[in-house]
Amino acid sequence: MKLSLEGLSASSEWNAKGYSIPTFDYQTVQNATREQPCWIHFGAGNIFRAFQANVVQNLLNVGLLDRGLIVAEGYDYEIIEKMYRPHDNIGALVTLKANGSVEKTVVASIMESLTADTGNTGDWQRLIAVFSNPSLQMVSFTITEKGYLLTAPFVDEDMISVPHKPRSYMGKVVALLYQRYVAGGAPIAMVSMDNCSHNGDKLKAAVLGFAEAWEKNGLCKPGFLAYCTNPEKVTFPWTMIDKITPRPDAAIEKILAADGIEELTPVITAKKTYVAPFVNAEECQYLVIEDAFPNGRPPLEKGGIIFTSRETVDKVEKMKVCTCLNPLHTALAISGCLLGYTLISKEMADSDLKTMVEILGYTEGLPVVVDPGIISPRQFIDEVVTTRIPNPFMPDTPQRIACDTSQKLPIRFGETVKAYLKEGMNLSNLRVIPLVFALWLRYLMAIDDNGTAFELSPDPLLPEVTPLVAGVSLGTPFDAHTVCQPILSRADIFGLNLYETPLAATVEQLFAELCSGPGAVRQVIHRTVM
């Protein structure tokens, strides 16, 4: 049993071991994809293999699609060279369910894998051919928010060079889009599926940055910028994606190996990317896309992807980020670091912490939640609290989620506080939100509830805020207002100056209590949520 076209011919063995395998005619689909490509995706990482590729396979299996995916990798070419191509672009998806069971699928919907490397003449010419084909409807991305930055390496050089051999990621993408313009200017949707707010605008800003520079410097044919800014030609839909896809886990590798699958060894590339012939992911998934496709699109709604208006995409994102998922994660991350937890899932077996996130979501968040209308906020929280966070297979750690907390607080909590003020609601009804703020101040001391030092997770504001609590010692009285005022007054951290609300005094009091000695964190959390 091998993850390859040849290995898939032993279908009875796969079926006997409980695997779902492709049922479509692979050669027919591959030929159609090469001749009339429909969808190319940049970013050959785990979420693409676990989510988009599986959705396409499901639709291919039932005959609702006749073409598969093309994937391109513009950062770490070894992913393609050492993992995709040796396995004929085929991989195993192991869906990790909260009840402890696994669902195993062999995914073979990726018909072609390419390196977006201008030094690889064959791959680069093939990418030009794909982009030049009028049949192409969608170019999508999961390249992380950093991929769209115009401060990335080689961007400045690419903006003043002929757009034939760019080296920056966005330079390559826009050079390929330029080839589409030169080939006749067929319409196209450029769809960021990265997990960042208003992702379509970030992609658009990067594309237009190059188009403007190239026209200004006389490096491209006139009209390219107008092509990119014409919504009848090029669109940049907003999307919201939500699916936890951790690094391939050794325990999952053992399961697959015990089934008899060969050649499962992961690869760590020179750029430190950890890739394997399999991916493991949670069962729950959401992908909501603004329906703005000037050249048409595949019927992905029949595979569970939701198409809607830009306004609704924005509401779904706010529902998730401000109320139903992200605030709960952050609350568990901060408290988990202080209480010595190393897995988020384990925290949900702690009655105090479970009650804390339930109050945060249901009692404090839902009264002012942004309801998108297409997804029930209450059902979303139900799923988060009962299925997603407690999933024992999800190796998410408090320490990872605590990264960049100062950047997260204004959106994940500040927006709720502002909504209470806007609606004229009583802020004294908030118990957990001020507790989270106080826990974060206590976290900045880098001393856990037992009095033991721990390492703070990376955060750009640590050099500014940690000195402000450096003089506080557990069990030693201090002036909480003097310590807290320089931090709680910062609207950039909390979304507003907390001293303009009654919450600041509450946070000060809670912080003082949290610092009263070892064990105080547990005591204060228990008392607050009971």
Side-chain angles (χ1 to χ4, degrees), residues 98-100 244 246 282 284 320-366 377-378 380-405 408-409 412-413 416 429-452 454-457 474 503 506-507 509-511 513-530:
N99 64 6
I244 299 174
E282 69 169 336
C284 303
K320 182 191 83 163
V321 173
C322 300
T323 306
C324 297
L325 174 61
N326 297 44
L328 281 59
H329 258 158
T330 293
L332 289 171
I334 298 169
S335 54
C337 290
L338 290 169
L339 294 174
Y341 281 98
T342 56
L343 284 175
I344 289 287
S345 59
K346 293 287 188 182
E347 292 189 66
M348 291 302 285
D350 184 318
S351 60
D352 288 340
L353 300 184
K354 183 173 184 291
T355 302
M356 179 182 70
V357 297
E358 288 174 344
I359 294 172
L360 180 59
Y362 293 111
T363 306
E364 299 184 357
L366 277 184
R378 176 170 287 276
F380 196 98
I381 296 180
D382 287 344
E383 190 175 58
V384 167
V385 171
T386 63
T387 302
R388 300 183 70 180
I389 297 178
N391 190 331
F393 277 122
M394 290 294 105
D396 250 332
T397 68
Q399 292 73 24
R400 186 189 74 82
I401 295 176
C403 291
D404 303 329
T405 296
K408 299 170 181 175
L409 293 173
R412 299 185 180 191
F413 301 96
T416 295
N429 291 333
L430 298 178
R431 288 186 289 157
V432 171
I433 289 180
L435 173 63
V436 172
F437 292 161
L439 286 168
W440 182 61
L441 298 179
R442 173 68 179 77
Y443 164 87
L444 292 175
M445 294 168 61
I447 303 292
D448 70 16
D449 202 27
N450 293 322
T452 304
F454 67 90
E455 183 179 353
L456 296 175
S457 300
L474 293 187
L503 292 180
T506 304
V507 176
Q509 180 181 344
L510 287 168
F511 178 56
E513 294 172 358
L514 290 166
C515 297
S516 60
V521 172
R522 169 63 68 182
Q523 294 169 10
V524 172
I525 292 175
H526 179 76
R527 186 180 70 247
T528 302
V529 303
M530 288 299 105

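- Across all non-hydrogen atoms, the minimal contact from R412 to N326 is NH2-ND2, 3.2 Å.
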Please lay out, stage by stage, how T528 and R431 fare under the test side-chain hydrogen bond (donor to acceptor under 3.5 Å, both in side chains). CA-CA 7 Å; T528 302; R431 288 186 289 157; over 6 Å; no
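- Atom SG in C284 sits 9.5 Å away from atom CE in M394 (nearest 0.5 Å).
- A donor-acceptor pair under 3.5 Å is formed between the side chain of K408 and the backbone N or O of C403.
- A distance of 8.5 Å separates OG1 of T386 from CE of M348, quoted to the nearest 0.5 Å.
- Aromatic ring pairs are classed by plane angle as parallel below 30°, tilted from 30° to 60° and perpendicular above 60°; the pair F454 and Y443 is tilted.
- The list of salt bridge (charged side-chain N to carboxylate O under 4.0 Å, His left out) pairs with a residue in residues 322-342, not counting sequence neighbours, is empty.
- Side-chain atoms of D448 come within 3.5 Å of backbone atoms of N450 as a donor-acceptor pair (strictly under, hydrogens ignored).
- Expressed to the nearest 0.5 Å, how far OG of S335 lies from CZ of R442 amounts to 12.5 Å.
- You'll find the side chain of P390 stays beyond 4.5 Å of the side chain of S345, heavy atoms only.
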Evaluation steps, side-chain contact (heavy atoms from CB on, under 4.5 Å), between M445 and C515: CA-CA 10 Å; M445 294 168 61; C515 297; 3.6 Å; yes
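- Taking every heavy atom of both residues into account, P434 and L430 meet most closely at CG-O, 3.4 Å.
- To the nearest 0.5 Å, atom CG of residue L435 and atom CH2 of residue W440 are 15.0 Å apart.
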Give the C-alpha distance, both sets of side-chain angles, the deciding distance and a yes or no for side-chain contact (heavy atoms from CB on, under 4.5 Å) between R378 and Y362. CA-CA 7 Å; R378 176 170 287 276; Y362 293 111; 3.5 Å; yes
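- For the salt bridge (charged side-chain N to carboxylate O under 4.0 Å, His left out) condition, no pair includes a residue of residues 331-344, sequence neighbours left out.
- Note that CG of L343 is 12.0 Å distant from CG of L332, once rounded to the nearest 0.5 Å.
- Using a distance-only test at 3.5 Å, with no hydrogens or angles considered, a donor-acceptor pair links the side chain of S516 to the main chain of E513.
- The side-chain hydrogen bond (donor to acceptor under 3.5 Å, both in side chains) search around E364 returns none, not counting sequence neighbours.
- The minimum heavy-atom distance linking I344 with H329 is given by the pair CG2-CD2, 4.3 Å.
- Screening residues 340-355 for salt bridge (charged side-chain N to carboxylate O under 4.0 Å, His left out), with sequence neighbours left out, gives D350-R522, D352-R522, K354-E358.
- With sequence neighbours excluded, the residues satisfying side-chain contact (heavy atoms from CB on, under 4.5 Å) with A331 are M356, L360, V436.
- Within the structure, side-chain hydrogen bond (donor to acceptor under 3.5 Å, both in side chains) contacts touching residues 389-401 (residues at least two apart or in different chains) are D396-R400.
- Among all heavy-atom pairs drawn from D449 and A520, the shortest one is OD1-N, 3.2 Å.
- Across all non-hydrogen atoms, the minimal contact from L439 to V521 is CD2-CG1, 4.0 Å.
- Here F413 contributes atom CZ and T330 contributes atom OG1; the two are 5.0 Å apart, rounded to the nearest 0.5 Å.
- Across every non-hydrogen atom of L366 and P377, the tightest pair is CD2-CB, 3.8 Å.
- L339 places a side-chain heavy atom less than 4.5 Å from the side chain of L353.
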